[in-house]
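Notes follow once the structure below has been shown.
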Amino acid sequence: MDGVNATGTGKSLYSGNVSITTDLVSSVYYLRDNSRGGMYTTNMNNRTTGGSTFTDADNVWGTNTTANVQSAGVDAHYGAQLTWDYYLSSFGRRGIDGNGFRVLSRVHYGNRYNNAFWNGSSMTYGDGDGTTFRPLVSLDVAGHEITHGLTEKTAGLIYSNESGAANESFSDIFGTMVEYSSGTGDYLIGEDIYTPATAGDALRNMSNPAAEGDPDHYSKRYTGTGDNGGVHINSGIQNQVFYLLAQGGTNRTSGQAVTGIGRPKAAAIFYRALTVYLTPSSNFKAVRTATLNAARDLYGASSAEYNATAQAWTACGVQ
Ligand SMILES: Cc1cccc(C(=O)O)c1OC(=O)C1CC1
Ligand SMILES: [Ca+2]
Ligand SMILES: [Zn+2]
């Protein structure tokens, strides 16, 4: 039944008080957004099956604390909303499939569950155990998980070894872009959710991957079999390429400098590479080629943007 779009007030865990689009049906508000493909957010009640769409009587949701189960629902719903808006306003893409794909966000999954994942049709967020993780619903995580869906529906990068590390990096890149779209951002991944007792750390660091134990240069890549061949480790190489291309700077391993072109242009190059050129088995060399093709298409073969793209990959050891 089509309800009436309403603007609710969401008291989130990590983004303060935010406006969220909700659905009014017979005097009850639902955490559903008919203006964005019908995306909706459910409460899993700390189980791993079932779940029901959050409802509310007065369209004011959560209390900015975990004491109210709606708070995490607000973050997940807001994160999905910002991710939809980012891809639509930046690239004209309506949803992860370009055809208004209806995103489901599931929160309070499992018991003290230290994970967040995309399962092919929905994002799922655990509450964390309170020591390693707080509820995993921050903006960069929402953007990260939903981008796994976009990657699945475009390049389909196989989730192991270098194609898997590229897959992970695209999710970190666009999770970060979604976070910045909120008005404030950083090049840390999961800083709001990771180890609440330790300030300043994160799951990953794009400006200095080594700060979280990941490589910033191809010569330092992990070649073992853990983590599906290091998908969350070697992502640091491509994350560093993006950071240097966007912001400019010098790679700590090679000492090579890169002239930055700004986040929007760097994101446009990586988005076009992902959605036009890459294939399931693409490795870092193929991503370099794809981003050069994208930069040529967007800015010209001898443009500053093209040259900076080549410079960034070279600085990180991918020729
Ligand atoms: C916490 C976690 C564990 C395992 C896989 C992922 C995954 O989605 O790759 C994961 O979530 C993240 O990396 C998000 C970005 C913080
Ligand atoms: Ca961040
Ligand atoms: Zn991921």
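Residues: numbered from 1 along the sequence shown. This is a predicted model, so every value here is computed, not measured. In listed order, ligands and their atoms are each counted from 1.
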Those atoms of ligand 1 less than 4.0 Å from some heavy atom in Leu203: 16 (C)
The Ca ion (ligand 2) reached by Asp192 (N, O or S, under 3.0 Å): no
Restricting to N, O or S atoms of Asp140, which is nearest to the Ca ion (ligand 2)? OD2
Ranked by distance from atom 2 (C) of ligand 1, the top protein heavy atom is Asn115 OD1, 3.5 Å
Within 4.0 Å of some non-hydrogen atom of Tyr159, the atoms of ligand 1 are 9 (O)
Using a strict cut-off of less than 4.0 Å between a Lys/Arg side-chain nitrogen and an Asp/Glu carboxylate oxygen, indicate whether Lys220 and Asp214 qualify as a salt bridge. no
For the pair Glu212 and Arg204, find out whether any cationic side-chain nitrogen is under 4.0 Å from an anionic carboxylate oxygen. no
For OE2 in Glu168 and NE2 in His148, the angle at the Zn ion (ligand 3) (nearest 10°) is 90°
I'd like to check which ligand 1 atoms, numbered from 1 as shown, lie under 4.0 Å from a non-hydrogen atom of His232. 5 (C), 6 (C), 7 (C), 9 (O)
Between Tyr40 and Arg102, is there a cation-pi geometry (under 6.0 Å to ring centre, at most 45° from the normal)? yes
Using a distance-only test with no angle check, is there a side-chain donor-acceptor pair under 3.5 angstrom linking Tyr277 and Asp297? yes
Quick one: report the N, O or S atom of Glu179 that is nearest to the Ca ion (ligand 2). OE1
So which protein heavy atom does atom 10 (C) of ligand 1 come closest to, and at what separation? Ala116 O, 3.6 Å
In Phe174, Phe170, Tyr159, the residue satisfying ring pair (Phe, Tyr, Trp, His ring centres under 6.0 Å) with His148 is Tyr159
Which atoms of ligand 1 are found less than 4.0 Å from any heavy atom of Glu168? 7 (C), 9 (O)
Ligand 1 atoms nearer than 4.0 angstrom to some heavy atom of Arg204 are 12 (C), 13 (O), 15 (C)
Ionic contact status for Asp23 with Arg32, cut-off 4.0 Å: yes
Atom nearest to the Zn ion (ligand 3) - His144, N, O or S atoms considered: NE2
Working to the nearest 0.5 Å, report the span between OH of Tyr218 and CD of Glu162. 3.5 Å
Identify the two heavy atoms, one from Ser254 and one from Ala315, that lie closest to each other, and give their separation to 0.1 Å. OG-O, 2.7 Å
Atom pair CZ/CZ of Phe117 and Arg106 - distance to nearest 0.5 Å: 5.5 Å
Answer key: the N, O or S atom of Asp186 nearest to the Ca ion (ligand 2) is OD1
Looking at atom 1 (C) of ligand 1, what's its closest protein heavy atom, distance included? Leu136 CD2, 3.9 Å
Is the distance from the Ca ion (ligand 2) to the nearest N/O/S atom of Leu139 under 3.0 Å? no
Within reach of ligand 1, part of Asp140 (heavy-atom separation under 4.0 Å): neither
Between the main-chain N or O of Ala197 and the side-chain N or O of Thr195, is there a donor-acceptor pair closer than 3.5 Å? no
Students should be able to answer this: which protein heavy-atom is nearest to atom 11 (O) of ligand 1, and at what distance? Glu145 OE2, 3.3 Å
Taking the side chain as every heavy atom from C-beta outward, state whether Met206 and Ile173 have any atom pair closer than 4.5 Å. yes
